[in-house]
Number of protein chains: 2
Amino acid sequence: MTVTPRTGAAMSSAPKEAAAEPAATEPEDLLALDRQVCFALAVASRSVIALYRPLLEPMGITHPQYLVMLALWEQSPLSVKQLSGLLQLDPGTLSPLLKRLEASGYVTRRRDPRDERALAVELTKEGLALREQALRVPPAIMERLDMTADELGALHRSLTRVIAAAAP
Amino acid sequence: MTVTPRTGAAMSSAPKEAAAEPAATEPEDLLALDRQVCFALAVASRSVIALYRPLLEPMGITHPQYLVMLALWEQSPLSVKQLSGLLQLDPGTLSPLLKRLEASGYVTRRRDPRDERALAVELTKEGLALREQALRVPPAIMERLDMTADELGALHRSLTRVIAAAAP
DNA sequence: GGCTATCAGTTTGTGTGCAAACTATTTGCA
DNA sequence: TGCAAATAGTTTGCACACAAACTGATAGCC
């Protein structure tokens with residue numbers, strides 16, 4: 001956080017910009033930081049996740065853990081592979097994360113008797129109960145962002161297009 | 001990568017959904033994973049950064065390091081504080097990252113003689129030369145995403161609105 | 001039946017991110 | 001002047017995120 005304004009006084013003198021190229025073949029702003037969509041995406045993602053932090057902290061979970069809980073609240077025994085597909089997260093990321101959720105008492109982890117390779121990740125009573133508190137989160141975020149449902153919907157569709165395009 | 005499809009066979013039987021609430025006060029989809037903007041943002045951010053990976057890897061830098069280079073290509077001696085403001089990244093994140101960029105030979109780190117607290121992060125000759133390769137990155141990404149400049153522009157404006165709203 | 005390829009998770013190593021504690025300067029003010 | 005508060009970076013601890021190597025279990029296939 002502590003978002004500081006975009007422009008600051010130059011650190012030293014040296015105001016001359018790097019220009020070692022022929023200058024004719026040089027689209028000057030192709031590399032401009034403030035028009036990189038990847039940069040805007042990264043900052044927006046981190047900024048929004050930061051909004052969740054104070055709301056999730058009293059629940060004792062992080063934002064990635066919150067996403068896992070959202071998935072489990074929709075369907076409760078899920079394998080690591082299924083969670084990996086739903087959240088588009090690496091199994092190597094989920095594995096320790098799920099252990100932390102288990103340590104927090106929100107899920108259980110046990111092997112599927114029908115396929116000992118698979119792990120059945122299941123909500124505990126506490127995990128299910130946590131949903132009550134979670135219901136207050138999205139409204140709080142939407143109020144904080146102060147954007148209309150239309151705006152958020154349009155953004156969501158844009159993001160979905162990007163995700164689909166980047167997928168394969 | 002290895003983005004797997006959204007739906008997979010249910011792990012076990014247990015198809016019955018958790019429904020322990022009065023059901024009247026229950027907006028069923030408020031917590032639906034696939035309509036959380038925060039989730040779409042996180043996935044889109046990770047997905048797009050993943051597109052950069054194979055392009056940046058031959059340059060020997062990561063995506064956050066690439067963003068630092070973009071900032072330095074616009075203005076070369078920059079302090080950690082200035083970089084922190086421009087990239088909206090914690091100094092505690094930048095500090096080791098800049099040491100890695102220095103170890104890669106792309107920047108130098110030395111104290112500002114006029115204020116020994118400040119660190120002057122400056123491009124090396126190699127760091128400046130890297131810009132030539134970087135010029136090929138944005139077109140490659142845009143082609144990969146297969147989105148029009150209009151679409152990307154609209155997305156960028158939406159993201160900028162979100163960033164501003166989330167800012168504090 | 002037994003062997004091999006595949007599959008599901010886990011582990012390891014590296015690199016972010018962020019909060020909090022810490023160090024070294026510099027500023028500002030009594 | 002002298003010293004407390006503010007400032008700029010660094011360090012530490014924890015939690016992702018991902019690639020690659022590894023382990024155990026299952027599925028095919030002869």
Side-chain angles (χ1 to χ4, degrees), chain A residues 1-4 8-9 11 42-54 56-57 60-68 78-85 87-104 109-121, chain B residues 1-4 8-9 11 42-43 45-54 56-57 60-68 78-85 87-104 109-121 168:
Chain A
M1 322 319 69
T2 65
V3 176
T4 54
M11 168 149 209
V43 174
S45 176
R46 284 190 283 109
S47 300
V48 171
I49 289 176
L51 293 184
Y52 281 80
R53 225 184 308 277
L56 298 181
E57 190 263 312
I61 57 176
T62 64
H63 189 263
Q65 291 170 11
Y66 171 70
L67 297 181
V68 168
L78 281 176
S79 68
V80 173
K81 179 178 175 58
Q82 288 175 312
L83 281 169
S84 173
L87 304 177
Q88 305 196 23
L89 268 180
D90 203 275
T93 298
L94 285 172
S95 193
L97 187 155
L98 292 170
K99 287 184 182 177
R100 284 187 282 270
L101 274 183
E102 182 182 43
S104 299
R109 295 164 61 256
R110 62 180 219 290
R111 292 289 162 179
D112 185 333
R114 281 187 294 298
D115 184 346
E116 289 285 340
R117 291 174 302 182
L119 193 74
V121 180
Chain B
M1 317 8 50
T2 66
V3 177
T4 54
M11 168 146 205
V43 173
S45 176
R46 283 191 283 109
S47 301
V48 171
I49 288 176
L51 294 185
Y52 281 80
R53 226 185 306 278
L56 298 181
E57 190 263 311
I61 57 176
T62 64
H63 189 262
Q65 291 170 9
Y66 171 71
L67 297 180
V68 168
L78 281 175
S79 68
V80 173
K81 180 178 175 55
Q82 287 175 312
L83 281 169
S84 174
L87 305 177
Q88 304 196 26
L89 269 181
D90 202 274
T93 298
L94 284 172
S95 193
L97 186 155
L98 293 170
K99 286 183 182 178
R100 284 188 279 270
L101 274 182
E102 182 182 43
S104 300
R109 295 165 61 256
R110 62 179 221 290
R111 292 289 163 179
D112 184 333
R114 282 188 293 299
D115 185 344
E116 289 286 339
R117 290 173 304 182
L119 193 74
V121 180

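All chains are named by letter (A, B, ...) in the order of the sequence lines, taking the proteins before the strands, and each is independently numbered beginning at 1.
A residue-by-residue look at L89(A) and E116(A) shows that L89(A) has its nearest nucleotide of DNA chain D further toward the 5' end. If R117(A) and P96(A) are placed on DNA chain C by their nearest nucleotide, the residue sitting closer to the 5' end is R117(A).
Using a 4.0 Å heavy-atom criterion, one finds that P91(A) contacts the bases of the nucleic acid, with or without backbone contacts as well. When heavy atoms are screened at a 4.0 angstrom cut-off, L97(A) is found touching the sugar-phosphate backbone but no base atom. When heavy atoms are screened at a 4.0 angstrom cut-off, T62(B) is found touching the sugar-phosphate backbone but no base atom.
Not one side-chain nitrogen or oxygen of R111(A) sits closer than 4.0 Å to the OP1 or OP2 atom of dT26(D). Residue S84(A) places no side-chain N or O under 4.0 Å from the OP1 or OP2 atom of dA8(C). In terms of phosphate contacts, R53(A) brings no side-chain nitrogen or oxygen within less than 4.0 Å of OP1 or OP2 of dG17(C). Of the side-chain N and O atoms in S79(A), none sit less than 4.0 angstrom from OP1 or OP2 of dA8(C). Proximity of S95(A) to the phosphate of dT10(C): a side-chain N or O atom is located under 4.0 Å from OP1 or OP2. Side-chain N/O atoms of Q82(B) include none lying less than 4.0 angstrom from OP1 or OP2 on dA8(D). An OP1 or OP2 oxygen of dT6(C) is reached within less than 4.0 angstrom by no side-chain nitrogen or oxygen of K81(A). Phosphate proximity of dT10(D) to R109(B): present, with a side-chain N or O under 4.0 Å from OP1 or OP2.
In this pair, H63(A) and Y52(A) present their aromatic rings perpendicular. The plane angle is above 60°, beyond the 30 to 60° band.
With distances taken from any side-chain atom of T93(B) to the nucleotides dT26(C), dC16(D), dC18(C), the minimum falls on dC18(C). Considering only side-chain atoms of D90(A), the nucleotide from dA19(D), dA8(D), dT26(C) that sits closest is dA19(D). The side chain of P64(A) lies closest to dC16(D), out of dC16(D), dT16(C), dT26(D). Among the nucleotides dG17(C), dT16(C), dG9(C), the one closest to the side chain of R46(A) is dG17(C).
Between R114(A) atom CZ and dG24(D) atom C1' there is a gap of 19 Å when expressed in whole angstrom units. D112(B) places its CG atom 9 Å from the P atom of dG9(D), with the value rounded to the nearest Å. Note: NE2 (H63(A)) to P (dC18(C)) measures 13 Å, nearest angstrom. In this structure, L94(A) atom CG and dA8(C) atom C1' are separated by 12 Å, rounded to whole Å. A straight line from OH of Y52(A) to C1' of dA15(D) spans 19 Å, rounded to a whole angstrom. Rounded to a whole Å, the CG atom of D115(B) is 15 Å from the C1' atom of dG28(C). Atoms CG (L101(A)) and P (dA15(D)) sit 11 Å apart, rounded to a whole Å. Going from atom CG of L51(B) over to atom P of dC18(D) covers 12 Å, rounded to whole Å.
Classification of E116(B) and R111(B) as a salt-bridged pair fails, no side-chain N sitting under 4.0 Å from a carboxylate O.
Under a 3.5 Å cut-off, the side chain of Q65(A) and the backbone N or O of T62(A) do form a donor-acceptor pair. A donor-acceptor contact shorter than 3.5 Å is absent between the side chain of E57(A) and the backbone of P54(A). Judged by distance alone, the side chain of S84(A) and the main-chain N or O of V80(A) form no donor-acceptor pair under 3.5 Å.
Taking the side chain as every heavy atom from C-beta outward, L94(A) and D90(A) never approach each other to under 4.5 Å.
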